[in-house]
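So the structure is just underneath, and the comments pick up after that.
Throughout, a chain's letter reflects where its sequence line sits, starting with A, and its residues are numbered from 1.
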Protein chains: 2
Amino acid sequence: MDYLKHTVENIEAIQPDPKGRIKAKFDTLAIPRGSLGRLEDLATIYYSIRGNLSCGIKHKKIFTLAGDHGVVAEGVSSFPQQVTCQMVQNFIHEGAAINVLARHIGAKVIVVDCGVAAEITPSKGLKIKKLNHGTNNMASGPAMSGEDAVKSIETGIELIEDELRDGLDIVGLGDMGIANTTPSSAIFSILGNVPVSVATGRGTGLNDDELQKKISVIEKAIAINRPDPNDPIDVLAKVGGYEIGGIAGLCLGAARHRIPIVLDGFISTAGAIIACALEPKVVNYLIASHVSAERGHKHMLTFLGKEPLFNLNMRLGEGTGATLGIHLVEAGVKLLNEMATFQDAKVSDPYA
Amino acid sequence: MDYLKHTVENIEAIQPDPKGRIKAKFDTLAIPRGSLGRLEDLATIYYSIRGNLSCGIKHKKIFTLAGDHGVVAEGVSSFPQQVTCQMVQNFIHEGAAINVLARHIGAKVIVVDCGVAAEITPSKGLKIKKLNHGTNNMASGPAMSGEDAVKSIETGIELIEDELRDGLDIVGLGDMGIANTTPSSAIFSILGNVPVSVATGRGTGLNDDELQKKISVIEKAIAINRPDPNDPIDVLAKVGGYEIGGIAGLCLGAARHRIPIVLDGFISTAGAIIACALEPKVVNYLIASHVSAERGHKHMLTFLGKEPLFNLNMRLGEGTGATLGIHLVEAGVKLLNEMATFQDAKVSDPYA
């Protein structure tokens, strides 16, 4: 708890371009002012967070955190629980979508077992930070203890601090966990104060009846556990998950070290919402990438005051949307750093 | 004219995934079906055009075609005409936004003088295909002769066929030409049958009065020249531009060789509209990237039946939006080719 407290207390408030230096630099570049649109905004956000106009983006890391969920027993997913462990193996063997997209943008994937319901053989491509073999079924009691909720968040902070040693310029959030849209919907319903029906979608592909059942399961879990909406740790413990706590910790750890954080889809945003509930300053460290096809994600982004960069109708998780968002942030940063000015390029400056 | 005619006659009709082989391959991959959204669609379009499921994307080329416009004399741009030539130099020295973004995605930029109003010293990074020193002022007569309109299109076809020799897997369209939103608006107004006021925007940053003046200039040009809406060559000659004709030729040449074409913003889409008017089959070879902030671009995309991939409020041209679109097409193609199947990854297949 001290580690979490210390981290939260050391998160600084961010103002966009406080001295106007980033805008001033853009204004020298040989383009019509503002014509690079949101790519300029992304460079501005990036450097406002870093606080240092001389650093570029070298070390891009996607953190794909895996955990299982006892609530799978209620039939809330089209996929069986063992797929979580199988997909972790797929990540390690670099055959998953996140591996392909991370290679495509030149990023590293950090795969972490935060609470998979199986023993996974240790290997080079996997960090084992397992707190338990999956959560308990939140439809019949708390998903985890309050102590484990804190530990799961601290795991995320620790992951950031470990990776800082080799270099870390931007963080992409990612997740894997069969049934994990269910706790994510519950978290958003409580912390975002929205009806469960608005916060809940079809996940990997439920039909209408299955969706209704999922909504009932979440309503039951909330009724039984009565999570305190003013206590994000209590919400995480009662209706959350180990990887979701880990993602909240990634956000807190990255913010504490002034590293920009790129959201992925529904689950990663649920983790970010917990982090923002713990420390509202975190919100200015977050960059939305896509809006997921999962119902409720657009409401989450609105709740955080974020406009997504694109909508490609994706709903996979793993960090896949985050990779494409990171590529756009990097585009903005490179434009700011590598473009010639009106003066350098000897282009007539109509603003001079 | 024979070259143009021969090219148009050899463009094949494209059906999306005619044998269902691409969908069948996606269905084997270890993800919930359809969860990669439009990235799957992009891979499908790419391979439907190529007609060969074994080719990847290796040679990405952005064609940035430059030309000047006599109509600049009417005060339709915030920038002076010499900026076209200055920006071509900037492209050659790799200091422009398009150079930065092309490097970012690993693409080559082909810079072409199609009709800049200045002699540009020949250099390695520039193809000189100049038809004239800028067009004539369309507000007082035809922008160019019908013969030059055909030649400008044939230049674009030739550029594609030149580049095919070194390899060409995907084409990004790009443009540079002070005042070139003015002919583009005129072209769209005529071929798209929309009012000039709907087709005309602020370009590099006109104020309200300047925008009204630009609309009047375009209306005057159309009234004086009376371009035939059923004859795209006549439209190009009367109110077009050399680089816009070149872009139409790029579309025809690429379609003729079954190479996918990624649109950029307003000017490139005007060129594509001419190509589609010459041969409607071309439309299925076009992939929209962004929707530009230039008023009218969204109407152009609707006219072509295209949904943009993203809206980043960009309005620079040069091919900048196309680069980011190409990166997404490549993401879809790599996902299809590099992801493990349910079987390979030993992931339980709920669809089996």
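- Heavy-atom distances place the backbone of A:K346, and not its side chain, under 4.5 Å from chain B.
- Using a 4.5 Å cut-off between heavy atoms, A:L335 contacts chain B through both its backbone and its side chain.
- Highest contact tally toward chain A, considering only B:R38, B:E318, B:R315, is held by B:R315 [criterion: heavy-atom pairs under 4.5 Å].
- Annotation: the span from A:T320 atom OG1 to B:L39 atom CG amounts to 8.0 Å, rounded to 0.5 Å.
- Once rounded to the nearest 0.5 Å, the distance linking CD1 of A:I31 with CG of B:N90 reads 11.0 Å.
- Contact of the B:Q82 side chain with the A:S348 side chain is registered, since non-hydrogen atoms from C-beta on lie closer than 4.5 Å.
- The side-chain contact (heavy atoms from CB on, under 4.5 Å) test with B:L36 singles out one residue from A:L312, A:L316, A:N313, and that residue is A:L316.
- Here B:V83 is the residue among B:V83, B:D349, B:N99, B:L42 with the most heavy-atom pairs under 4.5 Å with chain A.
- Taken to the nearest 0.5 Å, the CD atom of B:E307 stands 9.0 Å off from the CG atom of A:N311.
- The CG atom of A:L328 lies 7.5 Å from the CG atom of B:L328; values are rounded to the nearest 0.5 Å.
- Looking at B:L324, only its side chain comes within 4.5 Å of chain A, counting heavy atoms on both sides.
- Residue contact with chain B, scored on non-hydrogen atoms closer than 4.5 Å, is absent for A:A293.
- Looking at A:E330, both its backbone and its side chain come within 4.5 Å of chain B, counting heavy atoms on both sides.
- In terms of heavy-atom pairs under 4.5 angstrom with chain B, the leader among A:G95, A:S35, A:G37 is A:S35.
- Using a distance-only test at 3.5 Å, with no hydrogens or angles considered, a donor-acceptor pair links the side chain of B:H104 to the main chain of A:H327.
- Neither the backbone nor the side chain of A:F91 comes within contact range of chain B; no heavy atoms are under 4.5 Å apart.
- In terms of modelled atom types and a separation under 3.5 Å, the side chain of B:Q86 and the main chain of A:A345 share no donor-acceptor contact.
- Interface residue A:R103: only side-chain heavy atoms are found under 4.5 Å from chain B.
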